[in-house]
Trainee: 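My questions will all concern the structure given below.
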Amino acid sequence: RAKECFDRAGIDSAEMALVKGLGFSWQGPNPVPEDIERGEQALSAADEASPIAAFNLIGLAVNRAMIGEIEEARSLLRRGASILRELGMTIELAAAVGYSSAVVEMMAGDLVAAEAAIRPAYETLKEMGEKARLSSRAAILAGIVYEHERYDEAMSLAEEADTVSAPDDMEPQIWLRGVRAKVLARRGRFEEAEREARENVRLAEGTDWPGYTGMAWVDLCEVLRLARRREEAAEAARRAEEYLERKGSLVMAQRTRALREELEAP
């Protein structure tokens, strides 16, 4: 309905912002198939060389990756990046494409490619002093670096993200708190780690983002697993699985199910 109003008013910039928001709603409340349908509808109505088309291609790429269509996701990203490059939108090229490419590669299980995608975006925004988007890029990079077992660097990036993030900016807050909790657990500081992870779950459950809430439960699961509390870790994995299935994030739901089954095994 909002888009219809923007169309009647002839306000392209507002329409672009709206459609961009829809395209990047992979963390939002709608199931992935609904987001894909909306993105494809918006894409079909857009000028093929417009920013609206670019943002929808990028958003669709992430959603396709969430259901395991990795090569299609990479193809969509290349098309979106090409449009932004032609339009000279270098900041968006770094911030949006780098961010989404990292998410796609995380879904693909290629952490080397994920870091290679997000680090230039992080460094570009940091050099510019652009803090609004830097916070989420630093937080996501922290999560990737953690998976590479570079725990001190992961903690440093999480703290940097916390410094530039608004307290109510939930995307970087959920990422960075999860990383911080896991690094604390790696350092044997289990009480602090659990407190941080459970606070993160509480914050995530206050949003309407089932994907990110599932991620917060996965991080709590990791903390409990490191503390050798297998039954509680398995229960956290079960809760994460419920949220990820609700979102329709098939790749992450499958990984979490495998984790739960491993923890439940004798």
Side-chain angles (χ1 to χ4, degrees), residues 20 23-28 54-55 57-66 70-71 73-85 89-166 169-183 209 211-212 214-216 218-219 222 249 251-252 255:
K20 177 181 174 183
F24 280 103
S25 60
W26 69 277
Q27 75 269 41
F55 288 130
L57 286 164
I58 294 166
L60 278 168
V62 174
N63 279 288
R64 289 290 183 188
M66 290 171 72
I70 303 300
E71 291 307 317
R74 290 170 174 156
S75 175
L76 291 166
L77 273 173
R78 287 193 293 269
R79 289 170 58 193
S82 177
I83 294 170
L84 293 178
R85 194 175 294 111
M89 299 176 70
T90 54
I91 298 173
E92 291 294 347
L93 187 62
V97 176
Y99 170 94
S100 298
S101 296
V103 174
V104 168
E105 296 305 333
M106 283 191 284
M107 296 294 171
D110 190 338
L111 294 171
V112 173
E115 182 174 357
I118 196 67
R119 190 171 286 280
Y122 159 77
E123 291 175 349
T124 297
L125 294 170
K126 188 173 183 177
E127 288 173 6
M128 292 173 54
E130 205 282 11
K131 296 181 179 180
R133 287 176 288 186
L134 175 63
S135 59
S136 58
R137 276 63 182 174
I140 291 171
L141 180 57
I144 295 169
V145 166
Y146 174 86
E147 295 299 329
H148 282 299
E149 300 183 3
R150 297 181 347 237
Y151 302 128
D152 289 344
E153 183 184 355
M155 180 64 93
S156 177
L157 285 162
E159 295 297 349
E160 179 183 3
D162 199 13
T163 299
V164 298
S165 172
D169 189 351
M170 286 296 100
E171 181 182 41
Q173 285 291 327
I174 292 169
W175 275 98
L176 72 89
R177 286 170 181 272
V179 171
R180 193 156 57 198
K182 291 184 292 187
V183 174
W209 296 352
Y212 274 7
M215 186 176 75
V218 168
D219 290 338
E222 171 74 349
S249 181
V251 171
M252 293 305 300
R255 289 179 188 170

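The structure displayed is predicted, hence computed values, not measured ones.
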Trainee: Any side-chain heavy atom of Val251 within less than 4.5 Å of one from Arg255?
Mentor: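 They are in side-chain contact.
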
Trainee: Which atom names give the shortest non-hydrogen contact between Ala61 and Ala73, and what distance separates them?
Mentor: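 Between these two residues, the closest heavy atoms are O-CB, 3.1 Å.
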
Trainee: Sort and list the pairs that fulfil ring pair (Phe, Tyr, Trp, His ring centres under 6.0 Å) and have at least one residue in residues 117-155, not counting sequence neighbours.
Mentor: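 Residue pairs with at least one partner in residues 117-155: Tyr146-Tyr151.
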
Trainee: Applying side-chain hydrogen bond (donor to acceptor under 3.5 Å, both in side chains), can you list everything that pairs with Asp169, at least two apart in sequence or on another chain?
Mentor: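 Checked Asp169 against side-chain hydrogen bond (donor to acceptor under 3.5 Å, both in side chains); zero matches.
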
Trainee: State, with a plain yes or no, whether a side-chain heavy atom of Glu105 is found less than 4.5 Å away from one of Ile144.
Mentor: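 With C-beta onward as the side chain, the pair stays apart.
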
Trainee: State the CG-OG1 distance between Leu134 and Thr163, to the nearest 0.5 angstrom.
Mentor: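 Answer rounded to 0.5 Å: 10.0 Å.
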
Trainee: State, with a plain yes or no, whether a side-chain heavy atom of Val104 is found less than 4.5 Å away from one of Leu76.
Mentor: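 They are not in contact (no side-chain heavy atoms under 4.5 Å apart), so the answer is no.
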
Trainee: Atom CH2 of Trp209 and atom CE of Met170: how far apart are they, to the nearest 0.5 Å?
Mentor: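 Trp209 atom CH2 to Met170 atom CE measures 7.5 Å (nearest 0.5 Å).
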
Trainee: Please evaluate residues Met107 and Val103 with respect to the criterion side chain to side chain contact (heavy atoms under 4.5 Å, CB included), reporting the C-alpha separation (whole Å), side-chain torsions for both, the decisive distance (0.1 Å), and the verdict.
Mentor: CA-CA 6 Å; Met107 296 294 171; Val103 174; 4.3 Å; yes

Trainee: Looking at every heavy atom in both Val179 and Ala154, which two are closest together, and how far apart are they?
Mentor: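 Residues Val179 and Ala154, closest heavy atoms: CG1-O, 3.8 Å.
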
Trainee: Please find the pair of heavy atoms, one from Ala81 and one from Leu93, that lie closest to each other, and give the distance.
Mentor: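 Where Ala81 meets Leu93 most closely, the heavy atoms are O-CD1, 3.5 Å.
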
Trainee: Would you say Leu111 has more than 12 foreign heavy atoms packed within less than 6.0 Å of its CG?
Mentor: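 More than 12 heavy atoms, drawn from other residues, nucleotides or ligands, come within 6.0 Å of this atom.
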
Trainee: First locate atom CG of Asp162, then atom CG of Leu176, and finally report the distance between them rounded to the nearest 0.5 Å.
Mentor: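 So the CG of Asp162 and the CG of Leu176 are separated by 5.0 Å.
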
Trainee: Can you confirm whether Glu115 sits close enough to Leu141 that some side-chain heavy atom of one is under 4.5 Å from a side-chain heavy atom of the other?
Mentor: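 Yes, at least one pair of side-chain atoms sits under 4.5 Å.
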
Trainee: With a 4.5 Å heavy-atom cut-off, do Met106 and Ile140 have their side chains touching?
Mentor: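 They are in contact (side-chain heavy atoms under 4.5 Å apart), so the answer is yes.
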
Trainee: Distance-only, no hydrogens or angles: does the Ser100 side chain make a donor-acceptor pair with backbone N or O of Val97 under 3.5 Å?
Mentor: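 Pair absent, no side-chain N/O of Ser100 close to backbone of Val97.
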
Trainee: Any side-chain heavy atom of Met252 within less than 4.5 Å of one from Met66?
Mentor: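 A side-chain contact under 4.5 Å is absent here.
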
Trainee: Can any side-chain N or O of Arg137 pair as donor or acceptor with the backbone N or O of Pro120 at less than 3.5 Å?
Mentor: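 The answer is no, because no donor-acceptor pair under 3.5 Å joins these two groups.
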
Trainee: Please report the closest heavy-atom contact between Ala95 and Arg133, naming both atoms and the distance.
Mentor: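 Smallest heavy-atom distance, with atoms named: CB-NH1, 4.0 Å.
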
Trainee: If you round to the nearest 0.5 Å, how far is CG of Leu77 from CG of Leu57?
Mentor: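 These two atoms lie 9.0 Å from each other.
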
Trainee: Of the non-hydrogen atoms in Ala161 and Ala139, which two are nearest, and what is the gap between them?
Mentor: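 That closest heavy-atom pairing would be CB-N, 3.8 Å.
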
Trainee: So do the side chains of Arg180 and Arg177 get within less than 4.5 Å of each other, counting heavy atoms only?
Mentor: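 Yes, close enough: below the 4.5 Å cut-off.
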
Trainee: With the threshold set at 4.0 Å, does a side-chain nitrogen-carboxylate oxygen contact exist between Glu71 and Arg74?
Mentor: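 Looking at Glu71 and Arg74, the cut-off is met.
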
Trainee: Distance from Ile70 atom CD1 to Asp110 atom CG, nearest 0.5 Å?
Mentor: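 Between Ile70 CD1 and Asp110 CG, I get 10.0 Å after rounding to 0.5 Å.
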
Trainee: Would you give the length of the straight line joining atom OG of Ser136 to atom CG of Leu125, rounded to the nearest 0.5 angstrom?
Mentor: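 Here the rounded value is 8.0 Å.
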
